[in-house]
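All values below were derived from every heavy atom in this structure, side-chain atoms included, with hydrogens, water molecules and symmetry-related copies excluded. Chain A is the first sequence line, chain B the second, and so forth, proteins listed ahead of strands; every chain is numbered from 1.
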Number of protein chains: 2
Amino acid sequence: MGTVTKALSLLDYFNRSRAQIGLSDMTRLSGMNKATVHRLLTELAELGFVEQVGSGREYRLGPAFLRLAALREAAVPMRELSLQVLHDLSDATSETAHMSLLQGDQLSTLAYAYSPVHGTKVTMEDAEVLTLHTTSSGLAVLAYSPADFVDRVLAAPLEAKTPDTITDPDQLRARLRAVRDTGIAEYVGGFEEDVHSHAVPIFDSAQAVIGAVAVAAPVSRMDDTLIALVRAEVKTHAMNLTRLLGGFPPDDFNRDIPA
Amino acid sequence: MGTVTKALSLLDYFNRSRAQIGLSDMTRLSGMNKATVHRLLTELAELGFVEQVGSGREYRLGPAFLRLAALREAAVPMRELSLQVLHDLSDATSETAHMSLLQGDQLSTLAYAYSPVHGTKVTMEDAEVLTLHTTSSGLAVLAYSPADFVDRVLAAPLEAKTPDTITDPDQLRARLRAVRDTGIAEYVGGFEEDVHSHAVPIFDSAQAVIGAVAVAAPVSRMDDTLIALVRAEVKTHAMNLTRLLGGFPPDDFNRDIPA
DNA sequence: ACCAACGGTTCAAATAATGAACCGACCATA
DNA sequence: TATGGTCGGTTCATTATTTGAACCGTTGGT
C-alpha cells in the first residue's frame with residue numbers, strides 16, 4: 001500500500017457518529033504505527049485535510065474539502081454522472097433505466113438510457129414529468145420523505161393515469177411501508193399500461209431523498225428471472241449514484257436486499 | 001516534502017477554468033517526474049480523489065470530496081453559519097458579502113451572499129481563490145498573522161492583478177499596521193478594478209486568525225455614507241461570526257471602532 | 001510517411017517511511 | 001500526594017518505498 005493511500009485511508013474512519021478521532025484511537029483503528037499515524041495526520045493537517053480541534057486534542061476533517069467539493073461539483077454535473085450509471089444499469093438489465101429528481105410534488109426526469117437488446121422497450125421523453133402516486137420512482141421517493149410531505153401529497157386529488165393506478169391513500173401508504181421494508185419500490189402499469197418498473201431512492205448529503213433511479217420493462221418481459229436481476233442491479237446502481245453525488249442513505253435504509 | 005503532500009498538492013492545480021488535466025500537463029505544472037505524477041494520480045484515482053474522464057484521458061477531481069465535505073459540514077457547520085451571517089450582512093449593507101478561509105498562503109471563498117437591491121453588484125464564484133496582497137480580506141488576515149508568516153508571504157513575488165494592486169512589501173506592511181489600528185482592512189481595486197471592499201478577520205478558539213468576512217461594492221457606489229455603514233456592519237457581523245464559530249479575538253484586537 | 005506529443009512502464013539508485021522505545025503531561029484512583 | 005495508565009508527540013537506526021532517465025506503444029496533425 002502506498003503512503004498516499006495510507007494517509008487518505010485515515011480519512012475514512014471519520015463518519016457522522018465519529019466526527020473527531022484522537023491519535024491513539026486512529027492508531028488502533030488503522031492498525032498502523034503511532035509515529036506513522038502522527039506524521040500522516042500532521043501532513044494532512046498542513047494541507048487543511050484535517051485539523052486539530054483544540055490544543056493538542058483530537059483530529060477532525062478539515063476545511064479543504066469544502067473548496068474541492070465545490071470544484072468537483074462545478075466540473076461534473078449531476079446529469080453526466082447519472083448518465084454513466086444509467087448506461088451501466090440498462091446494459092446490465094437489457095431494459096430502460098432512468099433517473100428523476102423530486103421537484104415540488106412531482107418528479108422530473110433528469111436522464112435515461114436505453115438498451116439495444118430488445119426491439120420493444122419502454123421509451124422516455126426528455127425532462128418528462130412523473131407523478132408520485134403513479135410510478136415506482138414516486139413510491140421510492142415518498143417512502144423516504146417526511147411524513148408531512150407524504151400527507152400533503154396523498155391529501156391532494158390523486159388522478160388515475162391508467163386503470164391500474166392506485167388512488168386510494170391507504171393503499172398507497174401500505175405500499176410505502178413495503179418499500180421501506182425492502183428498500184425498493186415496484187409498480188405495474190400505474191403511469192402507462194404495459195409498463196412494469198422497479199425504483200430505488202437517491203439521497204443527498206443530508207441523507208434526504210432527492211429522487212430515484214428506476215428500470216422499466218414491458219409487463220410481458222418482466223418474469224421472475226428478470227425481476228430478480230433488475231432488483232439487484234437497480235439497488236446497487238442507485239447506491240452507487242447516491243455515493244457519486246456525495247449523498248448518504250439514511251441510517252434505516254435497507255442496505256442488504258433480503259432476496 | 002512528504003509524499004502525501006506531493007500527491008495532494010496536485011489537486012491544487014484544478015480550478016474552475018482548468019477542470020481536467022492530462023498527465024503531461026500535470027507533470028509540467030508540478031515540476032515533478034512524469035512517472036511520479038502518474039503513480040500519485042493512479043493512487044489518488046483508486047481512492048476516488050481524482051478520476052479519469054474517458055479511456056486513458058485526462059484526470060479531474062473525484063467524487064470522494066462530496067462525501068468528505070458533507071461529513072466536514074456535519075461536524076463543523078462553518079459554511080452554514082457563515083451563510084446566515086453573510087445574508088444578514090449583505091441585507092444590512094445592500095452589497096455583496098463574502099467569507100473566506102486561509103488555506104496555505106491563499107484565501108479560499110467559503111460562502112457569499114448577494115443583495116437584491118442594486119442591479120450591478122460584485123459577483124463571486126464558488127470556492128474562488130483570493131491572494132493575500134490583493135484583497136481587503138487578505139490584509140485583514142495578514143494583519144493578525146504571525147510575523148514569520150507575513151515575512152514569508154511578502155518575500156514571495158507579489159503579482160499585480162490590477163494597476164492598483166500594491167506589490168511593495170513596505171507599503172503593504174504600512175497597510176497592515178493601519179489595519180491593526182482600526183481592526184478593519186480596506187482595499188480599492190486590488191483584485192479587480194472597480195471593486196472597493198472592507199474586511200474584518202475571523203478568529204478560532206485559540207485566538208488565531210482563520211479567515212475574514214468582507215463586503216465588496218462597485219467603487220462608484222462606495223461613498224462616505226456607505227463606507228461608514230459598511231465598516232460598522234462588517235465589524236459587528238464578523239465579531240458575531242467569530243463568536244458563532246467558537247472563536248475569540250486576540251486580546252489586542254480593536255473591539256470598539258474609533259469612528 | 002513522418003514526427004511530436006500523448007499516457008503509461010521499467011528498474012537501479014536515492015530517499016523517505018517506518019516502528020520500538022521513549023518523553024512529559026494529564027487524569028483518575030488509591 | 002503517590003501511582004499507574006493513557007494521552008499526544010518525538011527520536012533515529014533500519015527498512016521499504018519513492019524516484020527519474022530512458023523507454024514503450026499509440027494517437028493526431030502535417
Looking only at side-chain N and O atoms, does Q52(B) come under 4.0 Å of OP1 or OP2 in dG8(C)? yes
Please set out all donor-acceptor pairs under 3.5 angstrom arising from side-chain atoms of residues 22-29 of chain B, sequence neighbours excluded.
{"from": "D25(B)", "atom 1": "OD1", "to": "R28(B)", "atom 2": "NH2", "distance (Å)": "2.8"}
{"from": "T27(B)", "atom 1": "OG1", "to": "L23(B)", "atom 2": "O", "distance (Å)": "2.8"}

Apply side chain to side chain donor-acceptor pair (under 3.5 Å) to Y144(B) and list each qualifying residue two or more places apart in sequence or on a separate chain. none
Do Y114(A) side-chain atoms and M124(A) backbone N/O form a donor-acceptor pair below 3.5 Å? yes
Give the dot-bracket line for DNA chain C from 5' end to 3' end: parentheses for intra-strand Watson-Crick or G-U pairs under 3.5 Å, square brackets for crossings, | for inter-strand pairing, dots for unpaired. ||||||||||||||||||||||||||||||
Round to a whole Å and report the spacing from NZ of K6(B) to P of dT17(D). 16 Å
Is any side-chain nitrogen or oxygen of S24(A) closer than 4.0 Å to OP1 or OP2 of dG8(D)? yes
A127(B): partners by side chain to side chain contact (heavy atoms under 4.5 Å, CB included), with sequence neighbours left out: R67(A), A70(A)
Are any of Y59(A)'s side-chain N or O atoms less than 4.0 Å away from OP1 or OP2 of dG9(D)? yes
Atom pair distance, as rounded to whole Å: CD1 in I21(A) and P in dG8(D): 11 Å
Please state how far atom CZ in R57(B) lies from atom C1' in dC6(C), giving the value in whole angstrom units. 10 Å
How would you list, by chain and number, every residue that makes a salt bridge (Lys or Arg N to Asp or Glu O under 4.0 Å) with E128(A), sequence neighbours excluded? none
With sequence neighbours excluded, residues passing side chain to side chain contact (heavy atoms under 4.5 Å, CB included) with D204(A): A206(A), A208(A), I210(A)
Interface with DNA chain D, restricted to residues 31-47 of chain A and to heavy atoms under 4.0 Å: K34(A), A35(A), H38(A)
Go through the structure and list residues passing side chain to side chain donor-acceptor pair (under 3.5 Å) with R243(B), not counting sequence neighbours. N240(B)
For R16(B), what residues pass the salt bridge (Lys or Arg N to Asp or Glu O under 4.0 Å) criterion, not counting sequence neighbours? E125(B)
Do the side-chain N or O atoms of R28(B) get closer than 4.0 angstrom to the phosphate oxygens (OP1, OP2) of dC6(C)? yes
